[in-house]
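Source: prediction; values computed, not measured. All values below come from the heavy atoms of this structure, side chains included, with hydrogens, waters and symmetry mates left out.
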Amino acid sequence: MRIEREMMRGAGPAAVLKLLESGEKYGYELVETLARRTDGVLDMGQSTLYPLLYNLEAKGLIEGVWRTADSGRERKYYRLTAQGKKRLAHDTKQWRALTLALQSLQIVPPLSGPNPEVQP
Amino acid sequence: MMRTQVGARPGSAVWRLLTWPIGPVFIVGRLAAPAPPPRASEVLERSGLALETQRFVAGVVGRTRLWHREQAEVARELVAHFLDAADAGVPPERAMRDFGDPARAARLIRRAKRRARGPVWHTWIRAWQTVLLVLLAAAMVYALLVVRFQAISPTVSRDYVAELSAPALAVPESQRAWPLYREAYLSLGLLPKGLTRQVSPRRYARPGDEAWPEVRAFLSRHADALELTRRAAARPALGYAMSEAPDAEVHVAQMLAGGASPERAHEHAEHLRSEERPLFLQLWDTHALRTLVRMLVADTQEASTRGEGGRARDNLRALVGVASHVREIPMALGDQLGMSMFMGAAWTLGDVIAERPELFSDAELRELAHVLGGFGGGGRLRVSFEGERAMVLDLIQHAYSDDGRGQGRLTAAGIELLRMFIPDPEAHVLQPGMQLPADRLAYRLRRPLLHPVLSAMAADREETTAEAERMFSHFESHLMMPPWAWESQPELRFTGAEWRMRHPVLAAAMPAVSALADHGEHATVVRDGVLVAIALELHRRRHGAYPDSLEALVPHLLPRIPVDPFDGAPMRYHAGEDGRPVVYVVGADGRDDGGIAPPDEAIERQNRMFWRRHALRSLAARGRTPLEGDWVLWPRVDLN
């Protein structure tokens, strides 16, 4: 199932920030991880991911660093900034509140575990 | 190194760059700076991607239309992306398909990258956007103004020409003087130079001048025209009816009088016949009457030289008659010219009394005094603004549209009319010293693109009409005061850039009111000076000498001593140590200099002004000394 663009606009940045919380990642890695961990639901499309990364970078929430691997391949790795961490915490609260509200309306079924976060 | 030496010849572009202070700094900076980042195309060439994928990435990057540095950055990242896909075993076709729509990607990347640019760039863009918005708004407003401007046309509702011509048309033909003047003028042909060019700032040729013999011969040849003029001057009314069609024959005669060939004159007449002239463009035939008046003056001087008092007297009577007729022309110009002609008659009589006092008998002098004194009904001579008021109102209705409530706007046709009034800004003076500069109004009148703006800024028809009435009321009430009080009145400035933009019709076409006012006062004082001269001459004949003071003339030879219009005191008189009396007024400087004339005509002209501050301003503008001397009324001083 693909999420409509308007909903993706709100969920996409939060998802990317969350993925970077565990450490820096490069573009293709993010695409793959998103698709894999969300079972394709948040597969936002590669043409959308890079503009999203540039926007987050422009807002100072993430920063990109070029690194050259031993193989000689260079990639741009993205990592959270301090501002990005704050933003992720804020967004997480908001999403939780939203999820609880949707659960109370029975739009979203209650999750079994105490932590609604999707486990890797 | 070699190339730099060859290119750095003095005067060359390279030399200028090196010698320009920033040039060396720029070059050193370029040499010391790190190598510029590779371009997107170089990144792709070195990427090792399949050619098809390279083209795909190049398509995305190229569509972003970002700066080269930004494009290279995006290209590097997309190259890494597709290499990672290849490493993951994804075929190039699928990798490109998974990437999505390249156009959409380019659009989103462009938007995101531009957002990441610095505050200076954003400020610059915002400034440009603001400027463009303002320009767009201005263009829209201008377009609206153009549409409105093009949609309106003048609304003429009154036939002022017919209204002002009605009194002249009511005069029976047998009593109209104009047909005789016209006949006399048409018979003249080429005029002698002595009647067309002044020999000094204030007079034409007279006996003794080099040009005189030619003038005398001309007068002799045209004795019939002079007699016709004298007969015309004796008629009760001018009877000149204005017409929208110019009198082509009179214009032909005028051109022939100036020396034009008959072919050229008739060609001009044909052109005139095709013209229509509303009231404000009436150019009534001043040349005809001015020429006949000059002939009468010259013939009076000739008669004086020959001792023919009767002929001189008849000519002087005729001169006053013509001047009275001219004042019937219902325009300020008629009044102005009539006053000038009357002054010419008075000066000529004064000259005759000074130079050949025996020419006239006592009875003739008394008769001439009555003729002078009766001009314009006697008393203080004043110009009338009635015709001028009609002329300005006529111009307004030919320049403005009418929306049915009297609130029309200035039209394109109206602006074309105004341009005719602006050719010589200095010719339109509202008060002395208040000259129309080549200002914003003149600038906008000369530029058609600005005409819609001019129309929008100008007051509407109703307000312009009300302002014209206010101006005329002000001028008329001003003239009711004695001239020595004018100076102390606050200046009502019917001028200034803002007022002129608001009332362009009035700024362009209002008459030289001060000159009109001056003409009335000048005619009065010149007449009074010559009446005093006649009384002095009669006193000399009766008592063998001039009196010590003017009181001796009152009341038998003079009903009262005239007023000096510059200070309200009695007119000045100086018996003269050499037995030559002087009648004078103090002039604009307000100081009695004992009847001494100013050193030259330029100062004397300003000294005759009743607005002293304007006279001083006008002199100062010419770098001249302050006002000095008196205005000598009799005997006349010929200044150069």
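Heavy atoms of B/Asp101 lying under 4.5 Å from chain A belong exclusively to its backbone. Heavy atoms of B/Ala106 lying under 4.5 Å from chain A are absent altogether. With a 4.5 angstrom heavy-atom cutoff, B/Val60 does not touch chain A via any of its atoms. Heavy atoms closer than 4.5 Å to chain A are found nowhere in B/Ala103, neither backbone nor side chain. Interface remark: B/Arg76 contributes backbone and side-chain atoms alike to the contact with chain A (heavy atom separation under 4.5 Å).
When each of A/Tyr26, A/Tyr28, A/Trp66 is paired with A/Tyr77, the ring pair (Phe, Tyr, Trp, His ring centres under 6.0 Å) condition holds for A/Tyr26 and for no other.
Looking at B/His503, its side chain never comes within 3.5 Å of a backbone N or O of B/Ala459 through a donor-acceptor pair.
With respect to A/Lys18 and A/Glu21, a salt bridge is recorded, a charged nitrogen being found less than 4.0 Å from a carboxylate O. Salt bridge present: A/Arg73 and B/Asp84 bring a charged side-chain N and a carboxylate O closer than 4.0 Å.
Ranked by heavy-atom pairs under 4.5 Å with chain B, the list A/Gly64, A/Ala58, A/Gly27, A/Gly60 is led by A/Ala58. In terms of heavy-atom pairs under 4.5 angstrom with chain A, the leader among B/Arg111, B/Glu77, B/Glu73 is B/Glu77.
The aromatic rings of B/Phe82 and B/Phe99 sit tilted relative to each other, their planes meeting at an angle between 30° and 60°.
Using a 3.5 Å distance cut-off with no hydrogens or angles, the side chains of B/Glu70 and A/Tyr54 do not pair a donor with an acceptor.
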